[in-house]
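Structure record follows, encoded as structure tokens.
Both backbone and side-chain heavy atoms feed into the values below; hydrogens, waters and symmetry mates do not. Numbers restart at 1 for each chain; the letters A, B, ... are given by sequence-line order, proteins then strands.
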Amino acid sequence: MRAFTYERASSVEAAANAASSNRQSKFIAGGTNLLDLMKLEIETPTHLIDVNGLGLDTIEPTAEGGLRIGALVRNTDLAAHETVRRDYGLLSRALVAGASGQLRNVATTAGNLLQRTRCPYFYDTNQPCNKRQPGSGCSAIGGFSRQHAVVGVSDACIATHPSDMAIAMRALDAVVETVKPDGSHHAIPIADFHRLPGETPHIETVLEQGELITAVVLPPPVGGRQIYRKVRDRASYAFAIVSVGAVIQLDGTGRVAVGGVAHKPWRVEGADAELSRGARSAASALFADARPTEQNRFKIDLVERTLGAVIAEARG
Amino acid sequence: MQFDKPATTNPIDQLKVVGQPIHRIDGELKTTGRAMYAYEWHDANLPYVYGYPVGAAIAKGRITAMDVSAAKRAPGVLAVVTTLDVGRREKGKFNTVNLFGGDEIQHYHQAIAVVVAETFEQARAAAGLVKVEYAEERGAFDLREAMAGAAKPDDSQEPDTAVGNFEAAFKAAAVTLEQSYETPDQSHAMMEPHASLAAWNGEELTVWTSSQMIDWWRSDLATTLGVDKEKIHLMSPFIGGGFGGKLFLRSDAVLAAFGAKAASRPVKVALPRPFIMNNTTHRPATIQRIRIGAGRDGRITAIAHESWSGDQPGGQLETAASQTRLLYAGADRMTAMRLATLHLPEGNAMRAPGEAPGLMALEIAMDEMAEKLGMDPIEFRIVNDTQVDPEKPERPFSHRDLVGCLKLGADRFGWSGRERPGARREGNWMIGMGVAAAFRNNLVLPSGARVRLDSQGVVTVETDMTDIGTGSYTIIAQTAAEMMGIGMNKVAVHLGDSRFPVSAGSGGQFGANSSTSGVYAACVKLREAVAAKLGFNSADVVFENGEVRSGNRSVPLAEAAGADGLVGEDKIEWGDLTKTHQQSTFGAHFVEVGVDIATGESRIRRMLAVCAAGRILNPITARSQVIGAMTMGAGGALSEELAVDTRRGFFVNHDLAGYEVAVHADIPHQDVIFMDETDPMSSPMKAKGVGELGLCGVSAAIANAIYNASGVRVRHYPITLDKLIGGLPQLADMSDAYRSRA
Amino acid sequence: MNHTTKVSFTVNGASRDLDLDNRTTLLDALREHLHLTGTKKGCDHGQCGACTVMVDGRRVNSCLTLAVMHEGDRIATIEGLGEPGNLHPMQAAFVKHDGFQCGYCTPGQICSSVAVLEEIRANIPSHVTGDLTTQTQITEAEIRERMSGNLCRCGAYSNIVDAIVEVAGTKA
């Protein structure tokens, strides 16, 4: 870990300003992913801006009947919140499927969205990785790629986004609220928030330097059966091989987002439209442009089977 | 004491303390965080600083240049020692590859420098500034590719055995099986990283470390450093797990010693977790081929087990075929093991080396063969039990109750309720049961101890034996208490210090039996010393209730010790009973699993192990050894695999997120039953090892249960869902399963 | 600006004032600066749980948080739970049920165990919780799931669950 200076920000504006004046700075909230990466010198900020004192830790109803979740709300508190449990069960389920109790007590809503990939080559600074060192190459392509993306990939990167929470947020059409260093406020639909790798896998979101997430807003509840099914080798404390987050209505229509398969939470409008026809139709739409490796081709079948189970359970 | 005749009645047989369920005497220290592990030593007289290792970024080649100037200029840095600085060293006897020294890179993350700084943060940051240039060379990293060039190692590794004419018998057999099996590279993944604190005082070196084998480490550290062994004082009183990964000297001790010399300060080094899996040793992957021929009555007439594994040049076999020489009957038989050269990190012993991966294959093969024969797999094993070494029938087993384990286990587990493959469903779960035999040889090593009796009547045991979680502190105290006729509260045990008599150490499940036998021998000496001092006839002396009695004379031990106290020291040495008799431990594993019909996720529902392992010295600690091994076997069956990048030559998933050991949620309540037995051939304690037996066979029992649940046979560990889903029922069949879900 | 920062917090009830390299994790502050070595470093990357401590009553991985982020916080470690001769009920239950072997993950397991029972009573849901809208119950499945962030390579899980169940029963 490189040396860095440290400050505790006193306001959102001050935090954004401090970050914009130093391009090597980073915000730190929970720190559970950032510090992990800093120890390995994958992240090397020279300045940390501690945003924990900004008070962005409340959950409040919106005028539209939705829910505004402060950026600093801890994963545990979000999962345990009465309204979330009752009206956004998918989100609660996705949160508690992730990490461990200790990590969820610290990890924040915004930080969870900004998690970086767990690709083992990204994590090993001796190995080429376009995400860590643009232009160095992708070691996962042709290497150990069982856990990697099968869709939305590029020749530069086949990493996945590791978040469970973001899958639920994607299915629920959340909106990410930010403040830029110039003080302007922005609302970014989560569909647009994460990027596909393309030629620039090191750029993972649409956030600009110094832009601070202040909240995530959920639209009014959509009802239905809300199921988050995470599939993994061991029974807990593991990243998803695949995960399926779905909201299924009584008439069989609904929406589905998939984790562990792409560089971002994977949702395809056409798949939602096919949902009432069953898992095979929906999965075909989800993976129409899939480009799996020999090692992770099974994920396509696995998602279809898992989605089939989710649909059956919802109908049950 | 020479143990060359079967044990007769001795004081241990009283079983007032030995064999009793006594809680760990170090339990309060461990549960309150007061037990001190290697990296944690501190006092005012130990002004230590921090060393941080640098590992090779390539798998094979040479270092052509190192630039440490930036690292040396970094804040707080006191010294940088590179592998070029120290040059090629003589290698420790137990190491296959160099730990440190010279320009040759033999494997990824081989240690190439240590950076010493005032603080941990400074050392870690400066380590990132070391620049290295390499001349990379091609290496062999793929076992399947290297198989063809695999060679037969020299006879000291016992690669081959053959009795009769296997080929002819196999050809003639009414029912035959021929299958291949694969086990992956596995990592010990003990919770305490390898760590050492080294302090020089002139030419004398003191090292606090995390070692299973004090004397082996001391010898090999002396060799590697080029110093006199007698100048090294090594201590390892608490060890945060080893499983074979801390049997042999590792780089942390070497780097700490070199760093401390260069910095003229005590230095402590812990291997960073992402560094451990490639820097240290691992259990090598195997490819195995098993052929079994039997008559329609189920009797095996021909059995062959071949295994291929890889290692660095000068390395050793993973002896995966060895148990097949002893486990089942059959007149015509052969085993063969071949070693390929691989330039992956050093392969070496991990818990139950040989038997663990060997039984992962053999015990699936037995399940497959039973099915072919239309026999119950337990019945098939019972029919093929043998009470003699099947390769050398003149050698009987000292004691063998595999059949008893299988029968008792079947009864307790409800084996009769097992259904045909794929038949049992509960909602989305396909349920199945599996069984496997457990087998592990009983090894013994010489082991010494010193026992002091003081004027308070307290007996203090000193031996360099280690407690890696096995319960050594407790069973050694029990042994001394039993021998001297005193309570546990009158015994103190000091372990893991090179100033104490050399013991067996912890490994190969030889530790408990060997080290307590050494303590037994020392206590016999102390009893003689007490009797001699009191002028008692040692033949009729009784040690009981803190007193020593002969005829109608009785003297408190404290009084007998006198102000100067008394000392007994001896070591146990072993005659040829292990040659005349085959000494092994046996067991049976029973497992029930559920396989998710949609996702293929396998989850264990019930586990039972029945063990026949001689006298159980402490049923609490022995049971913990067995359940711990069962847990390791669960990880081995379902998730553990060091993923090899065969282009770059390293283990890719080299941390505890990528290498998935079992977690709480993977493990159900576990049951263990110990057969009530003793083995007088094994030692004066009449005990045998049990710590590795619990791992042997359990992964195969899980594999067999998955087959019984799903009807899908997987022969390539770990049995992950991607290997199952292709054989599971089609999607259309799934909705009923989920509809009836509870 | 400086590469060191002054920070004050309490550890097991005692005030501690430190001037630390900003890079110092809470774990290293405890172990290397305060010599409270009961809290263990198993992976230093949030992958094992050996470093579990309580911060303001919640369990966290002390390896993945900076000490300087804990100004004014209340830290509780294994040393504060009990001591030899005066064990916390959870520590005593671990000894009774042999819920450990090598002992290295044990302080983290015990800190987590105490927190897990409190989390269930506080009705925080887990991955295995059935109905999200009713009070969560203390079951073996809940305990296993919630303890899964604490690895034990010696494999004492079955005994650890027995220890926690006993403590839960006697306090319920």
Side-chain angles (χ1 to χ4, degrees), chain B residues 23-24 26-37 39-40 42 50 119-122 124-125 188-193 238-243 270 272-274 467-471 620-621 623-625 627-632 634 655-657 661-670, chain C residues 21 23-24 28 31-32 35-48 50 77-79 81-85 87 91-92 94-96 98-107 110 127-128 140-141 143-162:
Chain B
H23 296 295
R24 285 171 204 265
D26 50 344
E28 293 209 338
L29 287 178
K30 286 180 171 176
T31 55
T32 60
R34 266 71 168 187
M36 298 275 277
Y37 298 80
Y39 201 75
E40 298 166 358
H42 59 84
Y50 295 81
T119 72
F120 171 71
E121 292 76 21
Q122 290 169 333
R124 181 177 56 191
H188 308 86
M190 74 297 285
M191 296 308 300
E192 182 206 17
F238 288 101
I239 299 107
F243 314 112
R273 180 60 68 177
D467 189 331
I468 59 173
T470 39
I620 292 177
T621 55
R623 179 180 174 280
S624 288
Q625 281 278 286
I627 68 166
M630 291 156 75
T631 301
M632 187 175 277
D655 62 24
L656 290 175
V661 304
V663 299
H664 270 280
D666 291 308
I667 303 301
H669 176 77
Q670 296 165 318
Chain C
D21 187 320
R23 293 172 290 189
T24 311
D28 286 327
R31 282 170 64 84
E32 305 303 330
H35 297 306
L36 290 168
T37 54
T39 306
K40 303 303 183 192
K41 184 185 280 190
C43 73
D44 215 18
H45 287 276
Q47 301 165 352
C48 79
T77 72
I78 189 72
E79 288 92 345
L81 270 186
E83 57 195 350
L87 300 182
Q91 292 169 321
F94 268 62
V95 174
K96 178 181 169 188
D98 213 39
F100 58 94
Q101 292 196 55
C102 81
Y104 200 76
C105 74
T106 311
I110 291 172
H127 178 60
V128 299
E140 291 190 6
I143 291 168
R144 287 192 185 101
E145 163 59 24
R146 291 165 192 266
M147 290 298 296
S148 288
N150 291 84
L151 305 186
C152 171
R153 186 57 159 165
C154 295
Y157 297 134
S158 182
N159 288 351
I160 291 170
V161 172
D162 288 348

Flag for C/Asp21-B/Thr119: side-chain donor and acceptor within less than 3.5 Å: no
Distance-minimising heavy-atom pair for B/Ala665 and C/Ser148: N-OG, 3.1 Å
Backbone of B/Ala662 reached by a side-chain donor or acceptor of C/Tyr157 within 3.5 Å: yes
Heavy-atom pair of closest approach, residues B/Arg124 and C/Asp44: NH1-OD2, 4.0 Å
Minimum side-chain heavy-atom gap B/Pro193-C/Lys41 below 4.5 Å: no
Contact winner vs chain B - C/Thr39, C/Asp28, C/Val161, C/Leu81, heavy-atom pairs under 4.5 Å: C/Asp28
NE2-CD distance between B/His664 and C/Glu140, expressed to the nearest 0.5 angstrom: 12.0 Å
Donor-acceptor contact below 3.5 Å, side chain B/Arg24 vs main chain C/Asp98: no
Sidechain-backbone polar pair: C/Arg144 side chain, B/Pro668 backbone, donor-acceptor under 3.5 Å: no
Side chain, backbone, both or neither of B/Phe238 within contact of chain C (heavy atoms, under 4.5 Å): neither
Contact class of B/Thr31 relative to chain C, heavy atoms under 4.5 angstrom: both
From CD (B/Glu192) to CZ (C/Arg153), nearest 0.5 Å: 15.0 Å
Closest heavy-atom pair and its distance - B/Leu656, C/Cys43: CD1-CB, 4.1 Å
Chain C contact via B/Ala657 - which portion, at a heavy-atom distance below 4.5 Å: both
Residue, of C/His45, C/His127, C/Arg146, C/Met147, that accumulates the most heavy atom pairs under 4.5 Å with chain B: C/Met147
Top of B/Gln670, B/Arg273, B/Arg623 for chain C proximity - count of heavy-atom pairs under 4.5 angstrom: B/Arg273
Part of B/Ile468 lying under 4.5 Å from any heavy atom of chain C: backbone
Residues C/Gln91 and B/Glu28: side-chain donor-acceptor under 3.5 angstrom: no
Region of B/Ile627 in contact with chain C, defined by heavy-atom distances below 4.5 Å: both
Which of C/Ile143, C/Asn159, C/Ile110 touches chain B most, by non-hydrogen pairs under 4.5 Å: C/Asn159
Greatest number of heavy atom pairs closer than 4.5 Å to chain B - which of C/Arg31, C/Lys40, C/Glu32, C/Glu83: C/Glu32
Heavy-atom closest contact (B/Tyr37 atom, C/Tyr104 atom, distance): OH-N, 3.6 Å
Most contacts with chain C, counted as non-hydrogen pairs under 4.5 angstrom, among B/Pro274, B/Ala270, B/Ser624, B/Gly33: B/Ser624
Residue, of C/Cys102, C/Gly38, C/Ala156, that accumulates the most heavy atom pairs under 4.5 Å with chain B: C/Cys102
Residue part contacting chain B, namely of C/Arg23, when any heavy atom lies under 4.5 Å: both
Beyond-backbone contact of C/Leu151 with B/Val663, side-chain heavy atoms, under 4.5 angstrom: yes
Value rounded to 0.5 Å, distance of SG in C/Cys154 from CE in B/Met191: 9.0 Å
Under 4.5 Å from any heavy atom of chain B - which part of C/His35: both
Most contacts with chain C, counted as non-hydrogen pairs under 4.5 angstrom, among B/Met190, B/His188, B/Met630: B/His188
Side chain, backbone, both or neither of B/His669 within contact of chain C (heavy atoms, under 4.5 Å): both
Region of B/Asp655 in contact with chain C, defined by heavy-atom distances below 4.5 Å: both
Most chain B-contacting option - heavy-atom pairs closer than 4.5 Å, from C/Cys105, C/Ala92, C/Ala141, C/Pro84: C/Pro84
B/Asp467 side, atom CG; C/Gln101 side, atom CD - distance, nearest 0.5 Å: 9.0 Å
